[in-house]
Amino acid sequence: MATVKALACELPARREQALSRHSTTDLARLVGDHPDCPAMSPSTIWRILDRDALRPWRHRSWLFPRDPQFAAKAGRVLDLYQGLWDGRPLSPADCVLSADEKTSIQARVRRHPPTSPRPGQARRVEHEYARGGALAYLAAWDVRRGGVIGRCDTTTGIGPFDALVDLVMAQEPYRAAPRVFWIVDNGSSHRGDAACQRLRARHPNLILVHLPTHASWLNQIELFFSIVQRKVLAPNDFPDLAAVERRLLAFAALYNDTAVPFHWRFTRQRLEERLAALPALAPSTAPLSPPPERLAA
């Protein structure tokens with residue numbers, strides 16, 4: 001088994017092979033050529049590797065934070081999730097919202113209708129489709145209370161995002177709240193100090209809080225968008241964009257009937273521990289991956 005694992009962990013390029021990684025069939029061939037190992041089938045090799053705790057033959061994508069103030073900016077957001085701001089507890093009337101845009105949602109008009117499921121056969125969705133256009137879904141998730149407010153638009157930008165802000169801030173409890181924190185990424189429609197001043201001028205109780213670059217995984221609205229993708233948009237089979245918009249807005253109303261805050265366990269302390277455990281690289285190139293601790297209610 002040690003030989004199998006050693007071969008699996010070896011880069012094919014070291015053997016001058018034109019492969020990025022070995023398959024179980026490749027490994028079975030290599031094991032068979034090894035003088036000290038008995039021949040093994042690909043399925044046997046798979047069972048050996050699948051039981052191993054460390055799997056260096058696998059890989060995943062990483063994001064490298066570019067912001068030199070990554071820890072400080074991300075920490076402010078994580079504090080808000082814990083009910084803190086500048087080291088002080090939020091008041092019960094303060095609101096925390098997580099907002100973003102889900103862009104390029106297509107209306108895919110399938111060339112043939114889906115077939116019904118049969119015993120032993122899943123529902124089939126036609127692969128070919130005509131493009132019925134695309135729209136953007138802009139939404140704000142209430143971190144402390146649960147629930148979402150959203151709207152659709154033909155595009156993104158300052159105008160559509162400000163329309164979302166106006167829609168939310170016109171409703172209670174946000175209109176009368178002493179402070180409404182809006183957590184956003186660095187998209188062009190709400191980037192930098194100019195966006196802070198623009199939105200504060202429209203709504204004096206609004207405080208825009210920016211995540212650092214490459215930290216959308218800390219934005220709770222992305223959890224809701226993943227639910228929308230799974231439960232509303234897949235498989236994509238809509239006759240037109242109006243049907244897409246109707247379903248998105250109807251789902252938000254349905255979801256809000258039972259919505260509760262997400263069970264978020266990744267805190268500032270866990271962030272600091274993760275940053276401290278990273279290799280000694282320059283701050284602009286230190287790798288950071290999304291935490292596995294994000295759990296949706």
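Residues Ile221 and Leu223 share a hydrophobic cluster, clusters being chains of Ile/Leu/Val/Met/Phe/Trp/Tyr side chains in contact below 4.5 Å. Phe266 and Val209 fall within a single hydrophobic cluster, where Ile, Leu, Val, Met, Phe, Trp and Tyr are joined by side-chain heavy atoms under 4.5 Å apart, directly or via other members. When the side chains of ILVMFWY residues are joined at heavy-atom separations under 4.5 Å, either directly or via intervening members, Val232 and Val148 end up in a single hydrophobic cluster. The cluster map of Ile, Leu, Val, Met, Phe, Trp and Tyr, joined by side-chain heavy atoms under 4.5 Å apart, puts Leu135 and Leu138 in different clusters. Transitive grouping of hydrophobic side chains (ILVMFWY, heavy atoms separated by less than 4.5 Å) keeps Leu249 and Val165 in distinct clusters.
Taking 4.5 Å as the limit, every side-chain heavy atom of Ser189 sits out of range of all side-chain heavy atoms of Pro160. Proximity of Arg145 to Val260: side-chain heavy atoms (C-beta onward) are nowhere separated by under 4.5 Å. Looking only at side-chain heavy atoms (C-beta outward), Leu97 and Val143 stay at 4.5 Å or farther from each other. Looking at heavy atoms from C-beta onward, Asp166 lies in side-chain contact with His203 at the 4.5 angstrom threshold. Put simply, the side chain of Arg29 reaches to within 4.5 Å of the side chain of Thr25, judged on heavy atoms. Side-chain contact between Phe161 and Glu101 is present, with at least one heavy-atom pair separated by less than 4.5 Å. Looking at heavy atoms from C-beta onward, Val228 lies in side-chain contact with Phe251 at the 4.5 angstrom threshold. Residues Ile207 and Trp182 fail the side-chain proximity criterion, which asks for heavy atoms closer than 4.5 Å.
Checked options Tyr81, Trp264, Phe262; the residue passing with Trp141 is Phe262 (criterion: ring-ring contact (aromatic ring centres under 6.0 Å, His included)). The only option from Thr156, Asp100, Ile105 that meets the side-chain contact (heavy atoms from CB on, under 4.5 Å) definition with Tyr137 turns out to be Ile105.
A donor-acceptor contact shorter than 3.5 Å is absent between the side chain of His112 and the backbone of Val125. In this structure, the side chain of Asp142 engages the main chain of Arg144 through a donor-acceptor pair within 3.5 Å. Under the 3.5 Å distance criterion, the side-chain polar atoms of Asn205 are matched with a main-chain donor or acceptor of Tyr174. Although no hydrogens or angles enter the test, the distance criterion places no donor-acceptor pair under 3.5 Å between the side chain of Glu245 and the main chain of Leu241. Checking side-chain atoms of Arg110 against main-chain N and O of Asn236 turns up a donor-acceptor pair under 3.5 Å. In this structure, Ser98 contributes its side chain and Gln220 its backbone to a donor-acceptor pair below 3.5 Å. Proximity of a side-chain donor or acceptor of Asp185 to a complementary backbone N or O of His210 within less than 3.5 Å is not detected. Looking at Asp50, its side chain never comes within 3.5 Å of a backbone N or O of Trp46 through a donor-acceptor pair. Between the side chain of Asp26 and the backbone N or O of Ser23, at least one donor-acceptor pair lies under 3.5 Å. Between the side chain of Arg111 and the backbone N or O of Glu128, no donor-acceptor pair lies under 3.5 Å.
Nearest approach of Cys152 to Leu248, heavy atoms of both residues: SG-CD1, 3.8 Å. Between Ala136 and Thr155, the shortest heavy-atom contact is CB-O, 3.9 Å. Between Ala259 and Gly147, the shortest heavy-atom distance links the atoms CB-N, 3.6 Å. When every heavy atom of Val31 is checked against every heavy atom of Pro38, the shortest pair comes out as CG1-O, 3.4 Å. The two residues Gly150 and Leu164 make their nearest non-hydrogen contact at CA-CD1, 4.3 Å. Closest of all the heavy-atom pairs between His190 and Ala195 is C-CB, 3.5 Å.
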Passes salt bridge (Lys or Arg N to Asp or Glu O under 4.0 Å), Asp162 versus Arg198? Steps please. CA-CA 9 Å; Asp162 285 3; Arg198 181 185 82 243; 3.0 Å; yes
Could you give me the CA-CA distance, side-chain angles and deciding distance for Arg108 and Asp237, then say whether side chain to side chain contact (heavy atoms under 4.5 Å, CB included) is met? CA-CA 5 Å; Arg108 296 181 177 179; Asp237 183 18; over 6 Å; no
In sequence, state the C-alpha distance, the side-chain angles, and the governing distance for Ile149 and Leu167, and then conclude on side chain to side chain contact (heavy atoms under 4.5 Å, CB included). CA-CA 8 Å; Ile149 299 175; Leu167 173 66; 3.8 Å; yes
Stepwise side chain to side chain contact (heavy atoms under 4.5 Å, CB included) test for Ile183 and Asn219: CA-CA 7 Å; Ile183 299 170; Asn219 207 355; 3.8 Å; yes
CA sep, side-chain torsions, deciding dist, call: Gln106, Phe238, side chain to side chain contact (heavy atoms under 4.5 Å, CB included): CA-CA 9 Å; Gln106 297 182 31; Phe238 294 97; over 6 Å; no
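For the residue pair Arg270 / Thr267, no side-chain donor-acceptor distance below 3.5 Å is found, with atom types taken as modelled. No side-chain donor-acceptor contact under 3.5 Å links Arg268 and Gln82.
The CG atom of Asp67 sits 5.0 Å away from the OG1 atom of Thr213 when rounded to the nearest 0.5 Å. To the nearest 0.5 Å, atoms CG (Leu218) and CG (Leu80) are separated by 12.0 Å. Atoms CD1 and CG, on Ile48 and Leu27 in that order, are 10.0 Å from each other to the nearest 0.5 Å. To the nearest 0.5 Å, the span separating CD on Glu222 from NZ on Lys102 amounts to 8.0 Å. Going from atom CZ of Phe70 over to atom CG of Leu275 covers 7.0 Å, rounded to the nearest 0.5 Å. The distance from the SG atom of Cys95 to the CD atom of Glu172 is 9.0 Å, given to the nearest 0.5 Å.
Surrounding CG of Asp193 are at most 12 heavy atoms belonging to other residues, nucleotides or ligands under 6.0 Å away. Around atom CZ of Arg200, more than 12 heavy atoms belonging to other residues, nucleotides or ligands sit under 6.0 Å away. By the neighbour-count criterion of 12 heavy atoms within 6.0 Å, atom CD of Gln229 is densely surrounded, having more than that number from other residues, nucleotides or ligands.
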